[in-house]
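One structure below.
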Amino acid sequence: MHGLRIHVPAELHELADLAVNLWWTWHPSAAELFRSLAPERWVSCGRNPVKLLRDAPARDLDRMAADATLLARVHAIHEEWIKDRDRPTRPDFPATRDRPIAFFCAEFGVDPALATYSGGLGVLAGDVLKQASDMAIPMVGVGLFYRRGYFHQRLDRSGWQHEYWTTATPEELPMVPELASRNARVHLRLRDRSVAARIWRVDVGRIPLYLLDTDVPENDPVSRWITSTLYVGDRAMRLMQYAVLALGGVRALRTLGVDPSVFHINEGHASLVSLELIRERRALGEDFHEALANVRSQVVFTTHTPVAAGNEHYSEKEVQAVLGALSREIGIDNRELTSLARGGAANAHDLGVTELALRTARSTNAVSRRHGEVTRGMWQHIWPGRAPKDVPITHVTNGVHGPTWMAAPMRALLARHLGPDFFMTPDPAMLKRVHDIPDEEIWRVRDELRGRLVGYVRDKSIADRLARGETIAYAEGAMKTFEPDVLTIGFARRVASYKRLNLLIHDPERALSLLANHPVQVVMAGRAHPMDDGAKRLVQAIFSLKDTRAAATHVAFVEDYDMAVAKELVAGCDVWLNLPRAPLEASGTSGMKAALNGGLNVSVLDGWWLEAYDDGVNGWGIASTEGLDEAAQDARDASTLYSILEREVVPSFYARDDANLPRAWVQRIKASIERVLTTFTTRRMLEEYTTKVWSH
Ligand SMILES: *Cc1c(COP(=O)(O)O)cnc(C)c1O
């Protein structure tokens, strides 16, 4: 029995069960149920129903327990969940409930309250678990519980980013100590010390996500810190995190009696899984090559990083210091280990986490068609003698989980016109009916979503400004920023240099004249890595736009970009920008989220957009200019961007008929929604993983 059940009256047990399973996050009736219990506290509790119920005064709980209407509503939603939970697993699926897919990832973004993610990789992993639940695919997730999570961002008055961390309280989160083993620990030897890790379980609908946590009393103070912070800077600490994730993760599954049919290494951080599986087989007496062959038949790998420097390497000395015990147990000499994991010429003696996965997985895939091409070229040296096109790396283009990212009004509109099951059982003919929806209905939803975003930006700007110590007059000025009928452009992402957040202000004069001479407003967000001063300077440059008159009321920077901010932005923006330096955007997913809500993409033709862009019918593409030097590439792409915005986007948005409808714009919205629903969802993505990757 989980702790929340003990906390509430027996009549509310079903409510408590709904609160501890993240199923509610993508079922609007359940989310609305929690909100309606205490609308104000719902917001102050960070939309976290566990905290909402734990903090509820006893008299409120008693009142709920005596409210027959409420209990009937809870029961109906709980029944819906039970029906979902008890569906049989897919008969045609290559794994079974007893032999699930184990999906390993260093971060999972399932809900903003559970801050175990930093960006796109984690959010994608969270979307995968939710989709596996929807499709009744047998899967378990394995990750780490970071008590301090990723950092929060706060800008000072000069626009300089400061970071702070908050420490999570597990009791207030949708997680429970794994019951079968309340006191169970997994043990590993790191830096020649014994390290224990506790196992938490997070329920994502039908899918259990196991999170390892080394903050337990029996560990020494350094070991307790291993899982504290996502992507710590210290290399030895990071390597220990990867070991806890992989070695600890496999051992946790064994402890829980879970025997996966496939071990899915999602990005190189988790690639030590292969070494742990080899160690297990060596302990059973298999020789090294036999063990390697058997392990390979069970491991698959997805790579996400098309930049050589983004694929981490650890020196022999670093590996020895942290993982000496493991290589002794595997019983191979360093030369053999190195031959499994060595990098290219520059890293010939190092353990490359990606190289290790490439050499120990039966299947490797990239995350978009273009990324597949780039990846085959990058890792050609692992398969000497093969031409790049013959390198055995395929691709499965990423997608997003529709029910998570489509805002309620758009979802209701589509359900009305396509049928209530348009997410669960979509077919092309059904999705075509998007084009039959009356223009004014689509536009009404767009107006509503944009209106909500404007309210959100105003409120957030006032709060951010006051927190920064600005004057009341200036804070109140935010009430005048942003208008509900104005073309709203969104640009939000991790501030990594290849994402080129700077491109919008590449030619400041042209950018300002765009803002001064056209009715547009821009909302931006993004966190810079704490160690990346260059990225922080960029945030500062964007932030200081507010000091120019043209931009003061038309540009807003929303602090602390996370899943909650992302949801507001992708729902409300009319135009979503993505300006990566091609070909460095492996896929990108935020543009898919915007498209689901009727936003139109203006993006560099790279990653997913290269596959989705339909020659002006569903958005705009900036032809990539690969091969130029970076400065020339930036100048050209920025100029193309300004031209598209001035000559096409703005006129098209404001080209209204007698009913004040932008007919051509709405046709684009329909094409864009149809395109993304047919192809760029996690549904299509997991169908493809099933046939291409998980099936043997
Ligand atoms: C979707 C998402 C991302 C990934 O967006 P990209 O388009 O890949 O940059 C990053 N962070 C958050 C919070 C998201 O929701």
Side-chain angles (χ1 to χ4, degrees), residues 25-26 105-131 149-153 230-231 266-267 302 304-307 310 366-368 370-371 397-407 490-501 503 523-529 535 558-573 575-597 599 601-613 619 676 680-682 685:
T25 62
W26 73 98
C105 191
E107 46 173 307
F108 284 92
V110 187
D111 183 66
L114 195 63
T116 51
Y117 68 96
S118 72
L121 179 71
V123 175
L124 181 78
D127 277 10
V128 164
L129 300 188
K130 293 171 186 169
Q131 187 67 52
Y150 201 51
F151 69 91
H152 293 282
Q153 174 190 54
L230 188 51
Y231 301 136
N266 192 46
E267 190 56 332
T302 301
H304 296 258
T305 310
V307 195
V367 294
S368 72
R370 179 76 184 108
H371 181 222
T397 303
N398 285 341
V400 293
H401 183 244
T404 296
W405 294 104
M406 186 183 280
F491 194 22
R493 49 209 4 102
R494 224 163 17 92
V495 190
S497 61
Y498 80 87
K499 298 265 193 187
R500 295 197 297 182
L501 214 60
L503 217 56
V523 52
M524 298 208 259
R527 291 186 278 186
H529 190 279
V558 177
E559 289 181 5
D560 209 22
Y561 183 51
D562 69 353
M563 281 178 82
V565 175
K567 269 194 190 181
E568 304 284 347
L569 266 48
V570 297
C573 287
V575 166
W576 194 255
L577 293 185
N578 192 19
L579 306 168
R581 182 187 309 290
L584 300 186
E585 182 75 302
S587 166
T589 49
S590 57
M592 303 172 189
K593 302 169 191 167
L596 279 178
N597 290 289
N601 280 275
V602 174
S603 286
V604 168
L605 290 166
D606 193 17
W608 82 282
W609 188 235
L610 195 55
E611 291 166 52
Y613 173 65
V676 81
F680 298 97
T681 60
T682 38
M685 176 185 162

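Order of listing sets the numbers, starting from 1, for every ligand and every atom in it. Source: prediction; values computed, not measured. Atoms considered below: every heavy atom in the structure, side chains included; atoms not considered: hydrogens, waters and symmetry mates.
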Short N or O distance, Tyr117 and ligand 1, threshold 3.5 Å exclusive: no

Backbone N/O of Gly619 and side chain of Asn601: donor-acceptor pair under 3.5 Å: no

Close side-chain approach of Ser587 and Met592, heavy atoms under 4.5 Å: yes

Heavy-atom side-chain contact between Glu611 and Ser368 under 4.5 Å: yes

Subset of ligand 1 atoms that lie under 4.0 Å from at least one heavy atom of Met563: 13 (C)

Close approach of Arg494 to ligand 1, heavy atoms, under 4.0 angstrom: no

Proximal atoms of ligand 1 relative to Thr589 (non-hydrogen, under 4.0 Å): 1 (C), 4 (C), 5 (O), 6 (P), 7 (O), 8 (O)

Contact partition for Val565 relative to ligand 1, non-hydrogen atoms under 4.0 Å: neither

Which of the ligand 1 atoms, numbered from 1, are nearer than 4.0 Å to a heavy atom of Lys499: 6 (P), 8 (O), 9 (O)

Closest protein heavy atom (residue, atom, distance) for atom 10 (C) of ligand 1: Gly120 N, 3.4 Å

N/O separation below 3.5 Å, Arg493 to ligand 1: yes

Closest approach of any protein heavy atom to atom 6 (P) of ligand 1, naming residue and atom: Ser590 OG, 3.6 Å

Under the side-chain contact (heavy atoms from CB on, under 4.5 Å) test, residues paired with Thr404 that sit two or more places apart: Trp26, Asp127, Lys130, His401, Lys567

Residue part near ligand 1, for Trp608, under 4.0 Å between non-hydrogen atoms: neither

Working for side chain to side chain contact (heavy atoms under 4.5 Å, CB included), residues Lys593 and Trp576: CA-CA 10 Å; Lys593 302 169 191 167; Trp576 194 255; over 6 Å; no

Thr589 vs Phe680 side-chain heavy atoms within contact, under 4.5 Å: no

Verdict with supporting geometry, Tyr150 and Glu107, side chain to side chain contact (heavy atoms under 4.5 Å, CB included): CA-CA 10 Å; Tyr150 201 51; Glu107 46 173 307; over 6 Å; no

Derivation of the side chain to side chain contact (heavy atoms under 4.5 Å, CB included) call for Arg370 and Trp609: CA-CA 10 Å; Arg370 179 76 184 108; Trp609 188 235; over 6 Å; no

N or O pair under 3.5 Å between Asn578 and ligand 1: no

Pairwise distance CG(Asn266) to CG(Leu124) - rounded to 0.5 angstrom: 6.5 Å

Trp405 N/O to ligand 1 N/O under 3.5 Å: no

Distance filter under 4.0 Å to Asp562 heavy atoms, resulting ligand 1 atoms: 13 (C)

Heavy-atom side-chain proximity of Arg527 to Asp562 below 4.5 angstrom: yes

Structural part of Lys593 in contact with ligand 1, heavy atom criterion under 4.0 angstrom: side chain

Location of contacts on Ala566 toward ligand 1, heavy atoms closer than 4.0 Å: side chain

Pick from Trp609, Trp576, Tyr561: the one approaching atom 12 (C) of ligand 1 most closely through a non-hydrogen atom: Tyr561

